[in-house]
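Quick notes on the structure that follows.
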There are 2 protein chains.
Amino acid sequence: MQPARRITLTDDVYAAVRALIMDHDVQPGARINIDALARRLAVSPTPVREALARLESDGLVSKKPLVGYTATPLLTRAEFEELVEMRLILEPAAAARVAAAGLDGAELAGLRAEADLPGPEGAAAVAAFTAQDARFHHTLAGLSGNRMLHDAVVRLRAHLHLFRLHFPAAHYGVSAREHHRIVDAVAAGDPAAASAAMRDHLTAARDRHLPFFESR
Amino acid sequence: MQPARRITLTDDVYAAVRALIMDHDVQPGARINIDALARRLAVSPTPVREALARLESDGLVSKKPLVGYTATPLLTRAEFEELVEMRLILEPAAAARVAAAGLDGAELAGLRAEADLPGPEGAAAVAAFTAQDARFHHTLAGLSGNRMLHDAVVRLRAHLHLFRLHFPAAHYGVSAREHHRIVDAVAAGDPAAASAAMRDHLTAARDRHLPFFESR
DNA sequence: CGATCAAAGATCCTATAGGATCCCTCGCCA
DNA sequence: TGGCGAGGGATCCTATAGGATCTTTGATCG
């Protein structure tokens with residue numbers, strides 16, 4: 001772990017702690033000791049405290065007064081269903097809006113490039129896959145032109161760190177094809193088709209993830 | 001202003017600062033001096049810093065490194081349109097889900113009670129109206145059973161402190177009737193009607209608010 | 001008279017120290 | 001042997017002080 005340094009320590013600490021949680025360097029449900037974390041990052045407890053306060057707003061940690069912070073436990077099956085439901089509300093609407101508004105050549109090319117997903121090769125395959133998948137969904141939400149919609153999609157995404165460990169190989173290839181189907185509908189300027197393609201993608205992804213809960 | 005005291009100062013400070021902003025005791029766009037705020041609340045700067053970090057996640061203040069915090073400026077017309085668009089995505093979906101799930105007698109009675117809105121009498125009429133309106137929308141979102149959906153609706157609502165000052169009298173009465181139409185559809189277990197009623201309510205409220213931007 | 005540069009003031013940012021609270025372990029008792 | 005209570009340790013929470021940075025004001029030069 002590198003000592004954090006930039007303009008404001010808080011931002012660095014925030015990013016560092018977020019990464020620790022997302023990569024499961026801090027086990028879900030584990031206590032987070034402020035002093036120990038500060039020593040590990042070679043900073044004082046104050047910016048750590050500030051970063052944790054922000055992370056609590058993101059839902060990645062929770063605070064019990066006079067006891068301490070805790071990394072948020074993994075999503076339960078029910079919470080996962082809620083998350084999917086929420087994405088089904090937001091993301092098809094975003095896709096429809098992008099299709100309705102239309103994209104210029106550069107935007108479309110960029111989106112199409114991000115629709116591709118890395119294969120199952122390489123050491124950090126799962127991390128690379130989820131990171132690229134996140135980029136695609138975030139970019140699409142951003143192109144909706146509605147900043148609040150974009151923020152909401154990004155915020156939800158943080159909870160998917162759940163699947164960093166157990167990850168079904170079935171995702172590779174299929175997800176990329178579904179992404180391209182969404183891009184095609186967007187490129188055609190067909191809001192209904194874009195919305196439907198996104199809905200199908202999300203429900204399919206949900207079904208692919210479900211076995212995870214069986215095995216717990 | 002009372003000195004803040006409870007279990008954790010941070011929570012109290014958070015609520016206090018939030019109230020300051022919502023009530024326009026701190027003008028939108030104004031700089032927020034951490035030390036001055038700490039003295040005013042009779043606490044040290046540390047919990048103030050922590051509270052401000054949380055408020056930044058809520059979008060009520062923004063931070064410029066090495067410069068300080070600033071109360072978020074009032075929504076522009078474009079941002080207001082984005083907010084409405086976002087509510088149109090979330091809240092009709094929430095209403096439909098509540099209607100589909102059905103409510104027991106107590107829940108329905110509670111919701112119907114909150115649909116009523118205080119009239120234009122009294123000193124703090126605007127504050128009472130908006131507070132009650134918020135309660136209705138929050139309660140409905142909460143009854144959807146989806147916590148993330150509820151949180152998203154509540155989070156958006158914070159940005160409506162915009163209208164604490166200039167408030168059209170046309171809202172009184174009309175809004176309550178629209179609320180009851182939503183409750184009726186929910187009580188009838190008709191998701192499509194509930195969704196439509198909410199959509200109509202939001203678009204009508206949007207139109208009632210629009211003159212505010214003409215007068216700036 | 002306007003623009004540029006420098007210095008002073010204010011503010012934020014970080015670190016360290018002390019008080020209060022909670023959790024856990026050990027001993028005692030029924 | 002199991003339950004209860006007290007003490008110690010750890011941790012959080014708050015406060016204060018010092019260093020770094022930015023903004024602003026004033027003076028100087030063109």
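In terms of phosphate contacts, T10(A) brings a side-chain nitrogen or oxygen within less than 4.0 Å of OP1 or OP2 of dT14(C). Residue S44(A) places no side-chain N or O under 4.0 Å from the OP1 or OP2 atom of dT14(C). Between N33(B) and dA10(C) there is no side-chain polar atom (N or O) within less than 4.0 angstrom of OP1 or OP2. Not one side-chain nitrogen or oxygen of R49(A) sits closer than 4.0 Å to the OP1 or OP2 atom of dC12(D).
In this structure, L37(A) atom CG and dA15(C) atom P are separated by 13 Å, rounded to whole Å. We find that OH of Y69(A) is positioned 10 Å from P of dC12(D), with the value rounded to whole Å. Taking atom CD1 of residue I34(A) and atom P of nucleotide dT14(D), one finds them 11 Å apart after rounding to whole Å. Spacing between atom CG of L9(A) and atom P of dT16(C) amounts to 12 Å, rounded to whole angstrom units. Rounding to whole angstrom units, CG of residue L41(A) and P of dC13(C) are separated by 18 Å. dT14(D) atom C1' lies 14 Å from atom CG of D12(B), rounded to whole Å. Atoms CD (E56(B)) and C1' (dC12(C)) sit 14 Å apart, rounded to a whole Å. Between the CD atom of E50(B) and the C1' atom of dC12(D) there is a distance of 11 Å, given to the nearest Å.
Distance CD/Q132(A) to OG/S175(A): 12.0 Å, rounded to 0.5 Å. Interatomic distance, OG of S144(A) versus CD of E85(B), reported as 7.0 Å (0.5 Å rounding). The structure places NE2 of H159(B) at 10.5 Å from CE of M86(B), a figure rounded to the nearest 0.5 Å. How far CD of E114(B) is from NE2 of H138(B): 10.5 Å, rounded to the nearest 0.5 Å. Note: L143(B) CG to L149(B) CG = 11.0 Å, rounded to the nearest 0.5 Å.
Closest contact between the side chain of P47(A) and the listed nucleotides dA15(C), dT16(D), dC12(D) involves dA15(C). Considering only side-chain atoms of T46(B), the nucleotide from dT14(D), dT16(C), dC12(D) that sits closest is dT14(D). Checking dT14(C), dC12(D), dC12(C) against the side-chain heavy atoms of D35(B) singles out dC12(C) as nearest.
Under the side chain to side chain contact (heavy atoms under 4.5 Å, CB included) rule, R87(B) has a single partner from V153(B), L160(B), T203(B), which is L160(B).
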Using the 3.5 Å cut-off, write out each protein N or O paired with an N or O of nucleotides 20-24 of chain D and the distance between them.
none

H179(B)/D133(B) under side-chain hydrogen bond (donor to acceptor under 3.5 Å, both in side chains): CA gap, chis, key distance, verdict: CA-CA 9 Å; H179(B) 281 187; D133(B) 185 64; 3.0 Å; yes
Pair H201(A)-H137(A), ring-ring contact (aromatic ring centres under 6.0 Å, His included): steps then yes or no: CA-CA 11 Å; H201(A) 172 49; H137(A) 285 272; 5.2 Å; yes
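No contact: L52(B) has no heavy atom under 4.0 Å from any strand.
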Acceptor/donor pairs from residues 54-71 of chain B side chains to any protein atom, 3.5 angstrom cut, sequence neighbours excluded:
{"residue": "R54(B)", "atom": "NH1", "partner": "D11(B)", "partner atom": "OD1", "Å": "3.1"}
{"residue": "D58(B)", "atom": "OD2", "partner": "Y14(B)", "partner atom": "OH", "Å": "2.4"}
{"residue": "Y69(B)", "atom": "OH", "partner": "E50(A)", "partner atom": "OE2", "Å": "3.4"}

With Watson-Crick and G-U wobble geometry limited to distances under 3.5 Å, how should the secondary structure of DNA chain C be encoded in dot-bracket form, using | for bases paired to another strand and [ ] for crossing pairs? ||||||||||||||||||||||||||||||
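Side-chain contact between L37(A) and N33(A) is absent, with no heavy-atom pair separated by less than 4.5 Å.
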